[in-house]
Asker: 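Below: one structure in structure tokens.
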Amino acid sequence: MTTTQPTPQQANERMLFVNLPVADPAATRAFWSELGFTVNEAFSDDRAVSVQLNALTSVMFLEHAYFHSFHGTTAPASGTGALYCLSAGSADDVRALVERALALGGSPAGEPQDDGPMFGWSFRDPEGQIWEVMWMDPAALG
């Protein structure tokens with residue numbers, strides 16, 4: 001039996017599927033679609049919405065009971081369990097995406113942060129998940 005070994009580049013290009021519980025998949029679908037992200041219908045139904053962030057990254061928004069059915073988990077008692085950060089092409093792109101999220105029913109999760117070569121701003125989606133949108137000046141990265 002012959003197996004094909006991935007090239008170093010392929011091995012480093014892993015796909016990422018983030019799974020998050022939501023109360024209302026239909027409202028979640030509308031929010032993320034209106035933000036300009038694509039819903040992958042092949043992996044979406046009335047209990048799940050697959051939002052494609054890019055070619056290698058998707059977020060699966062799963063209705064609470066469906067989410068917890070995979071591993072027998074339960075909802076955390078309280079608090080924020082994670083923060084999610086999306087990159088942007090410029091500081092203006094950060095502002096545009098967050099302002100659009102706020103207009104679509106998201107809520108502020110802090111003030112804009114301008115640290116010279118980095119600019120970020122955060123919002124909570126309608127389910128309360130915190131999303132930071134960040135731009136980093138490519139010249140400052142070296």
Side-chain angles (χ1 to χ4, degrees), residues 3-142:
T3 60
T4 303
Q5 294 295 319
T7 66
Q9 183 178 10
Q10 290 171 326
N12 290 330
E13 292 181 355
R14 296 182 187 273
M15 296 179 77
L16 175 64
F17 300 91
V18 176
N19 293 267
L20 301 175
V22 297
D24 188 345
T28 298
R29 171 192 287 269
F31 179 80
W32 288 96
S33 294
E34 288 294 321
L35 274 180
F37 293 95
T38 301
V39 171
N40 183 336
E41 296 298 343
F43 298 104
S44 300
D45 59 24
D46 62 332
R47 301 176 304 169
V49 180
S50 176
V51 174
Q52 197 76 36
L53 299 183
N54 61 42
L56 297 175
T57 309
S58 297
V59 179
M60 292 294 299
F61 294 99
L62 307 171
E63 185 276 325
H64 284 277
Y66 188 48
F67 174 88
H68 293 294
S69 72
F70 285 93
H71 297 286
T73 59
T74 59
S78 66
T80 301
L83 304 172
Y84 308 97
C85 185
L86 299 173
S87 64
S90 69
D92 287 340
D93 290 344
V94 170
R95 288 183 195 92
L97 183 60
V98 173
E99 288 170 357
R100 181 108 173 104
L102 298 176
L104 291 168
S107 60
E111 297 296 319
Q113 301 294 311
D114 191 345
D115 288 328
M118 295 190 328
F119 180 80
W121 194 8
S122 301
F123 67 91
R124 292 181 195 282
D125 68 19
E127 291 284 340
Q129 307 285 357
I130 299 175
W131 296 86
E132 181 177 18
V133 186
M134 175 70 68
W135 169 76
M136 294 179 283
D137 183 354
L141 297 175

Asker: Hey, could you give me the OG/CG distance between Ser87 and Asn54, rounded to the nearest 0.5 Å?
Answerer: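 Going from OG on Ser87 over to CG on Asn54, the span is 8.0 Å.
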Asker: What is the distance from atom OG of Ser58 to atom CG of Leu16, rounded to the nearest 0.5 Å?
Answerer: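 If we round to the nearest 0.5 Å, Ser58:OG and Leu16:CG are 8.5 Å apart.
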Asker: Is there a donor-acceptor contact under 3.5 Å from the side chain of Thr28 to the main chain of Asp24?
Answerer: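 Checked: pair present.
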Asker: Taking all non-hydrogen atoms of both residues into account, name the closest pair between Ser33 and Val39 and its distance.
Answerer: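 That closest heavy-atom pairing would be OG-CG2, 3.4 Å.
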Asker: Minimum heavy-atom separation for Asp114 to Gly116, with atom names?
Answerer: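 Reported closest heavy-atom pair: OD1-N, 3.2 Å.
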Asker: Show the nearest heavy-atom pair for residues Ala55 and Met15, with the distance to one decimal.
Answerer: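 Closest approach of Ala55 to Met15, heavy atoms only: O-CE, 4.0 Å.
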Asker: Side chains of Pro112 and Arg95: closer than 4.5 Å at any heavy-atom pair?
Answerer: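 Result no, sub-4.5 Å side-chain heavy-atom pair not found.
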Asker: If you measure from CG on Leu62 to CZ on Phe43, what distance do you get to the nearest 0.5 Å?
Answerer: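 One finds 12.5 Å between CG of Leu62 and CZ of Phe43.
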Asker: Which heavy atom of Pro21 sits nearest to which heavy atom of Gln129, and what is that distance?
Answerer: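 Between these two residues, the closest heavy atoms are O-NE2, 3.7 Å.
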Asker: Atom CD of Glu132 and atom CG of Leu83: how far apart are they, to the nearest 0.5 Å?
Answerer: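 Taking CD in Glu132 and CG in Leu83, the distance rounds to 7.5 Å.
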Asker: Does the side chain of His64 come within less than 4.5 Å of Pro25's, by heavy atoms?
Answerer: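 No - every pair of side-chain heavy atoms lies 4.5 Å or more apart.
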Asker: Could you check whether Trp131 and Asp125, counting side-chain N and O atoms only, form a donor-acceptor pair closer than 3.5 Å?
Answerer: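 Per modelled atom types, Asp125 and Trp131 side chains form a pair under 3.5 Å.
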Asker: Taking Tyr84 as the fixed residue, which of Ile130, Val18, Val133 is the one that meets the side-chain contact (heavy atoms from CB on, under 4.5 Å) rule?
Answerer: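 One option only clears the test, and that one is Val18.
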Asker: Heavy-atom count around Glu41 CD within 6.0 Å, excluding the residue itself: above 12?
Answerer: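 Yes.
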Asker: What are the two closest non-hydrogen atoms of Leu102 and Ser107, and how far apart are they?
Answerer: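 For Leu102 versus Ser107, the nearest heavy atoms are CD2-C, 3.4 Å.
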Asker: Roughly how far apart are Arg29 CZ and Phe37 CZ, rounded to 0.5 Å?
Answerer: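 That separation rounds to 15.5 Å.
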Asker: Quick one: CG on Leu104 to CD on Glu99, what's the gap to the nearest 0.5 Å?
Answerer: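 It is 12.0 Å, given to the nearest 0.5 Å.
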Asker: Quick one, Phe67 and Phe61 - any side-chain contact, counting heavy atoms below 4.5 Å?
Answerer: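 A side-chain contact under 4.5 Å is absent here.
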Asker: Can a donor-acceptor pair be found, under 3.5 Å and without considering hydrogens, that links the side chain of Glu127 to the backbone of Ala23?
Answerer: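 It does hold such a pair.
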Asker: Donor-acceptor pair, distance only, cut-off 3.5 Å: does the side chain of Asp115 make one with the backbone of Met118?
Answerer: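 Here the side-chain-to-backbone pair does not exist.
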Asker: Return yes if a side-chain donor-acceptor contact under 3.5 Å exists between Gln52 and Thr38, otherwise no.
Answerer: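 Per modelled atom types, Gln52 and Thr38 side chains form no pair under 3.5 Å.
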Asker: Do Arg100 and Phe123 form a cation-pi contact, if we require the NZ or CZ to be under 6.0 Å from the six-membered ring centre and within 45 degrees of the ring's axis?
Answerer: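 No, Arg100 does not lie over the aromatic ring of Phe123.
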Asker: Do you know which two heavy atoms are closest between Gln113 and Glu111, and how far apart they sit?
Answerer: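 Nearest pair, atom of Gln113 first, then Glu111: NE2-O, 3.1 Å.
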Asker: Do any N or O atoms from the side chain of Trp135 and from the backbone of Ala88 form a donor-acceptor pair under 3.5 angstrom?
Answerer: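 Answer holds: no.
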